[in-house]
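Following: one structure in structure tokens, then a few remarks.
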Amino acid sequence: MVYGGRPYGVGLLVAGYDETGPYIYQTCPSANFYDCKAMAIGSRSQSGRTYLERSLEQFPDSTLEELIVHGLKALNDTLPSETELSTKNCSIGIVGKDHPFKILEDDDVAPYLDSMNRDIADQAAGHEEEEAMVAQEGGGGAQGDEQQEQMDQQ
């Protein structure tokens with residue numbers, strides 16, 4: 001007998017907490033598993049992993065709300081541009097010290113989505129202010145380069 005089809009498999013993220021601390025494991029269809037500090041899996045997950053890697057140092061000092069917002073930002077980064085996170089397409093699972101496993105859905109997710117959206121808007125406003133300051137100081141674009149050349153020649 002010959003089987004030419006592709007085997008089915010499932011990748012999972014398994015999170016838990018015990019007396020030694022928090023855990024998150026990634027299991028792969030190949031039966032491999034990995035102990036992770038933060039992880040995103042699935043289609044378009046690379047941008048989520050990149051966000052998590054860049055933010056990893058902030059996690060130990062973060063509050064529960066801040067950790068949830070980080071998770072939502074990582075998830076948001078994986079979405080196609082025409083899709084937005086909402087209470088209809090997002091659930092949040094929480095487990096940890098003094099937090100037995102709990103799933104937040106619908107209206108319970110809304111405050112965290114609002115917080116994520118405020119953070120994203122604040123970051124965008126901060127970038128716009130930085131760009132305006134750089135342009136004002138003559139450090140932006142071809143015009144800034146020409147001004148710098150003139151100053152160097154004098």
* Asked: Under the 3.5 angstrom rule, does the side chain of Thr78 hit a backbone N or O of Leu75 as a donor-acceptor pair?
  -> yes
* **Euclidean distance, Leu64 CG relative to Lys97 NZ, rounded to 0.5 Å** => 14.0 Å
* Is the backbone of Ser86 close enough, under 3.5 Å, to the side chain of Asn89 for a donor and an acceptor to pair up by distance? -> yes
* How many angstroms lie between atom OH of Tyr34 and atom SG of Cys28, to the nearest 0.5 angstrom? -> 5.0 Å
* Asked: Tell me, do Lys73 and Asp119 make a side-chain contact under 4.5 Å, heavy atoms counted?
  -> yes
* To do: Quickly, which of Asn117, Leu113, Ile120 forms a side-chain contact (heavy atoms from CB on, under 4.5 Å) with Asn76? Name it, please.
  => Ile120
* Give, for atom CG of Asn32 and atom CD of Gln26, the distance between the pair rounded to the nearest 0.5 Å. => 9.5 Å
* Shortest non-hydrogen contact from Pro29 to Gly9? -> CB-CA, 3.8 Å
* To do: State plainly whether one hydrophobic cluster holds both Ile68 and Phe59, where clusters connect Ile, Leu, Val, Met, Phe, Trp and Tyr through side-chain heavy atoms under 4.5 angstrom apart.
  => no
* Report yes or no: does Thr27 contribute a side-chain atom to a donor-acceptor pair with the main-chain N or O of Leu12 at less than 3.5 Å? => yes
* What closest approach, in Å, do Arg49 and Ala40 show between heavy atoms, and which atom pair accounts for it? -> NH1-O, 2.9 Å
* To do: May I have the step-by-step check of side chain to side chain contact (heavy atoms under 4.5 Å, CB included) for Tyr112 and Ile92, ending in yes or no?
  => CA-CA 9 Å; Tyr112 299 105; Ile92 299 169; 4.0 Å; yes
* Partners of Asp114 by salt bridge (charged side-chain N to carboxylate O under 4.0 Å, His left out), sequence neighbours excluded? -> none
* To do: Considering only Ile, Leu, Val, Met, Phe, Trp and Tyr, and joining two whenever side-chain heavy atoms are under 4.5 Å apart, list the other residues clustered with Val95.
  => Phe101, Ile103
* Asked: Do Glu66 side-chain atoms and Thr63 backbone N/O form a donor-acceptor pair below 3.5 Å?
  -> yes
* To do: Would you name the heavy atoms of Arg44 and Leu79 that are closest together and state the gap between them?
  => NH2-O, 3.0 Å
* **Steps toward side chain to side chain contact (heavy atoms under 4.5 Å, CB included) verdict (Thr50, Arg54)** => CA-CA 6 Å; Thr50 300; Arg54 289 181 179 161; 3.7 Å; yes
* To do: Might you point out which heavy atoms bring Thr20 and Asp18 nearest each other, and give the distance in Å?
  => OG1-OD1, 2.7 Å
* To do: For Cys90 and Val109, work out which heavy atoms get closest and say how close.
  => O-CG2, 3.8 Å
* Working to the nearest 0.5 Å, report the span between CE of Met116 and CD of Glu65. => 12.5 Å
* To the nearest 0.5 angstrom, please state how far the NE2 atom of His70 sits from the OH atom of Tyr51. => 4.5 Å
* So, His99 versus Tyr17: side-chain donor-acceptor pair below 3.5 Å or not? -> no
* **Atom CD of Gln46: over 12 foreign heavy atoms under 6.0 Å** => yes
* To do: Please assess Gln123 against Arg118 for the test side chain to side chain contact (heavy atoms under 4.5 Å, CB included), listing each intermediate value before the final yes or no.
  => CA-CA 9 Å; Gln123 287 174 348; Arg118 277 192 306 275; over 6 Å; no
* Determine yes or no for a side-chain-to-main-chain donor-acceptor pair under 3.5 angstrom, with Ser45 supplying the side chain and Gly42 the backbone. => yes
* Asked: What about Leu85 and Leu104, same hydrophobic cluster or not, with Ile/Leu/Val/Met/Phe/Trp/Tyr joined at side-chain heavy-atom distances under 4.5 Å?
  -> yes
* **Rounded distance (nearest 0.5 Å) linking atom CG of Leu67 with atom CG of Leu72** => 11.0 Å
* Is it the case that more than 12 heavy atoms not belonging to Asp35 sit under 6.0 Å from its CG atom? -> yes
* Structure fact -> Scanning both residues in full, the closest heavy-atom pair of Ser115 with Val69 reads OG-CG2, 3.6 Å
